[in-house]
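To start, the structure itself, in structure tokens.
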Amino acid sequence: MAFLRSSVSKLRSRLGQQSSLRDSVRWLQTQTSSDLDLHSQLKELIPEQQERLKKLKAEHGKVQLGNITVDMVIGGMRGMTGLLWETSLLDPDEGIRFRGLSIPECQKVLPAAKPGGEPLPEGLLWLLLTGKVPSKEQVDALSSELRSRAKVPDYVFKAIDALPVGAHPMTQFATGVMALQVKSEFSKAYDKGIPKSKYWEPTYEDSLSLIAQVPVVASYVYRRIYKDGKIIPVDDSLDYGANFAHLLGFDDHKMQELMRLYVTIHSDHEGGNVSAHTGHLVASALSDPYLSFAAALNGLAGPLHGLANQEVLLWIKSVVDECGENITTEQLKDYIWKTLNSGKVVPGFGHGVLRKTDPRYTCQREFALKHMPDDPLFQLVSKLYDVVPPILTELGKVKNPWPNVDAHSGVLLNHFGLTEARYFTVLFGVSRSIGIGSQLIWDRALGLPLERPKSVTMESLESYCKKAAS
Ligand code: AMX
């Protein structure tokens, strides 16, 4: 249906562009439904990838990937390779690659709303799921499919309404996502009985519906807290990013572009980060995508992970409150030391894996240079780039003194009128549904097992090490 609807609307728009009827019909004939349908594309791809994994296991199953040290066990598994995550891969120096494509490459090749514009997040979803760069027609068909899945049952809003309006936006958002679970297709199919080889199909249904519905739930939370509960309906003429901006109450063209970029770059960051890993872990118990994603959101809400999105703007505003906008370098240094000496981290700097400036920071900086070069908070962010890293380096323990994605996002949103910092992590959460939802489909398609690493006690480690030494 979604294919037919989008083909008819494209045929209409081509007729409107004065192409002849014969040309338009010929064009329509070249678009087969399976070309434009993401589900059909996956159905073709999955058997190949299942064979690939089987072969990998059979031929190389015993190859060692590295040594596990006591430091790694104690140190939050840093540097330990232990997860299969197909949709993206993080290089410590280069940053993230989505199915092999860097952020600048994605900006070049993924379809945009207008030539030269920011990538449409639906295009990234297609790329993450299939490993292929979609055409504009494929992205439009997916946009239309997501809109058709965006209906949210009333009890979801009632569940959110049961919370005090002052509850943290992430608490309200995660509650709404939990309530969406009632309609899980995977959970229903599993209860009825479904062969393992078919798990991916209801997971696909749930993941796509989840991705489609989270902007509606997230914007409900925003409008409930900050706009007297005045809700805005989905606009059937808009793509995913622009619709999300619209649902929040922003129809400005630049804000639409910012939201497309924001959602795209926050979608996925390989599998080991807290939110992605949590989603994958919970789903490995065959919890459905809603349960798994709600769990992921609770990890994202921590200040060392996604909450840094809010912490940076709040911190920057506290700098301005104390020192004014024309802050000198010396004042800024003093403020950073004051933050560190109070036992806090400098939000937006450092990373568990990255060892250079995060390319997600760089592309947001480029967006700011293009659209808001004179914004005083943007200028302060630029200044922080020069002042923070030497101080963190001086601490002697920080492995990466450079800025991460969160160092930049807040001032962009703030500039275009989304000033409520406590809400920012919800935007991050909406974006993450695309990466986590995509990987969950592949988890089930590849038949990945229950995740269950071995843990040890200090006593067992001590005795193991004693034995190893003798
Ligand atoms: N400010 C102050 N201290 C910092 C720091 C920062 N920005 N980054 C790291 N450190 C400290 C750590 O707290 C740790 O101190 P400790 O040994 O006394 O506990 C020490 O430096 C070593 O840490 P690390 O190995 O360099 O980093 P990590 O892998 O343990 O932690 C991260 C990574 C992101 C949690 C950390 O850099 C941090 O707290 N940054 C600030 C918060 C932030 O921006 N988080 C967002 C990250 C991106 C994301 O997930 N969205």
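One-based numbering, in listed order, for ligands and for the atoms of each. All values below come from the heavy atoms of this structure, side chains included, with hydrogens, waters and symmetry mates left out. For clarity, every value in this text was computed on a predicted model and none was experimentally measured.
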Is there a side-chain contact (heavy atoms from CB on, under 4.5 Å) between L377 and L313? Walk through the geometry before answering. CA-CA 9 Å; L377 293 190; L313 190 69; 4.2 Å; yes
Per [atom], closest listed option by heavy atom ([options]):
atom                    : options                : answer
atom 30 (O) of ligand 1 : H305, H266, R78        : R78
atom 15 (O) of ligand 1 : H269, R360, H351, K397 : K397
atom 8 (N) of ligand 1  : V398, D406, I336       : V398
atom 42 (C) of ligand 1 : V388, V405, L307, V345 : V345

Just to confirm my output: which protein heavy-atom neighbour is closest to [atom], and how far is it?
atom                    : answer
atom 1 (N) of ligand 1  : V346 N, 2.9 Å
atom 40 (N) of ligand 1 : F349 O, 2.8 Å
atom 44 (O) of ligand 1 : G348 N, 2.7 Å
atom 26 (O) of ligand 1 : K399 N, 2.8 Å

D375 and H415: side chain donor to acceptor below 3.5 Å: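 Note: D375 and H415 side chains meet the donor-acceptor criterion.
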Donor-acceptor pair between S382 and R365 side chains, under 3.5 angstrom: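 Their side chains do contain a donor-acceptor pair, which is all the 3.5 Å distance test asks for.
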Could you tell me which atoms of ligand 1, counted from 1 in the order shown, lie closer than 4.0 angstrom to a heavy atom of G352?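 By the 4.0 Å cutoff, the relevant atoms are 29 (O), 33 (C).
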Which of the numbered atoms in ligand 1 are below 4.0 angstrom from a heavy atom of A308?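 Within the 4.0 Å cut-off of A308, ligand 1 contributes 43 (C), 44 (O), 45 (N), 46 (C).
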Donor-acceptor pair, distance only, cut-off 3.5 Å: does the side chain of [X] make one with the backbone of [Y]?
X    : Y    : answer
Q181 : D288 : no
T339 : Y335 : yes
T425 : G306 : yes
N404 : G350 : yes

E322: which of Q331, K317, K338 passes side-chain hydrogen bond (donor to acceptor under 3.5 Å, both in side chains):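 Among Q331, K317, K338, the one that satisfies the side-chain hydrogen bond (donor to acceptor under 3.5 Å, both in side chains) with E322 is K338.
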Please say whether [X] places an N or O atom under 3.5 Å from an N or O atom belonging to ligand 1.
X    : answer
K344 : no
G306 : no
L304 : yes

Yes or no, since that's all I need: does a protein heavy atom fall within a distance strictly under 4.0 Å of [atom]?
atom                    : answer
atom 49 (C) of ligand 1 : yes
atom 32 (C) of ligand 1 : no
atom 19 (O) of ligand 1 : no

Closer than 4.0 angstrom: is that true for some heavy atom of N273 and an atom of ligand 1?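 No heavy atom of N273 comes that close to ligand 1.
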May I ask you to check whether H408 and F378 place their ring centers less than 6.0 Å from one another?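 Yes, the ring centres sit under 6.0 Å apart.
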Run the side-chain hydrogen bond (donor to acceptor under 3.5 Å, both in side chains) check on Y385 and T357 step by step: do they pass? CA-CA 10 Å; Y385 189 92; T357 298; 2.8 Å; yes
Is any side-chain N of the basic residue among D91 and R97 closer than 4.0 Å to the acidic one's carboxylate O?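 No salt bridge links D91 with R97.
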Counting only heavy atoms, which portion of L392 has something under 4.0 Å from ligand 1: side chain, backbone, both, or neither?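 Contact part for L392 vs ligand 1: side chain (C-beta onward).
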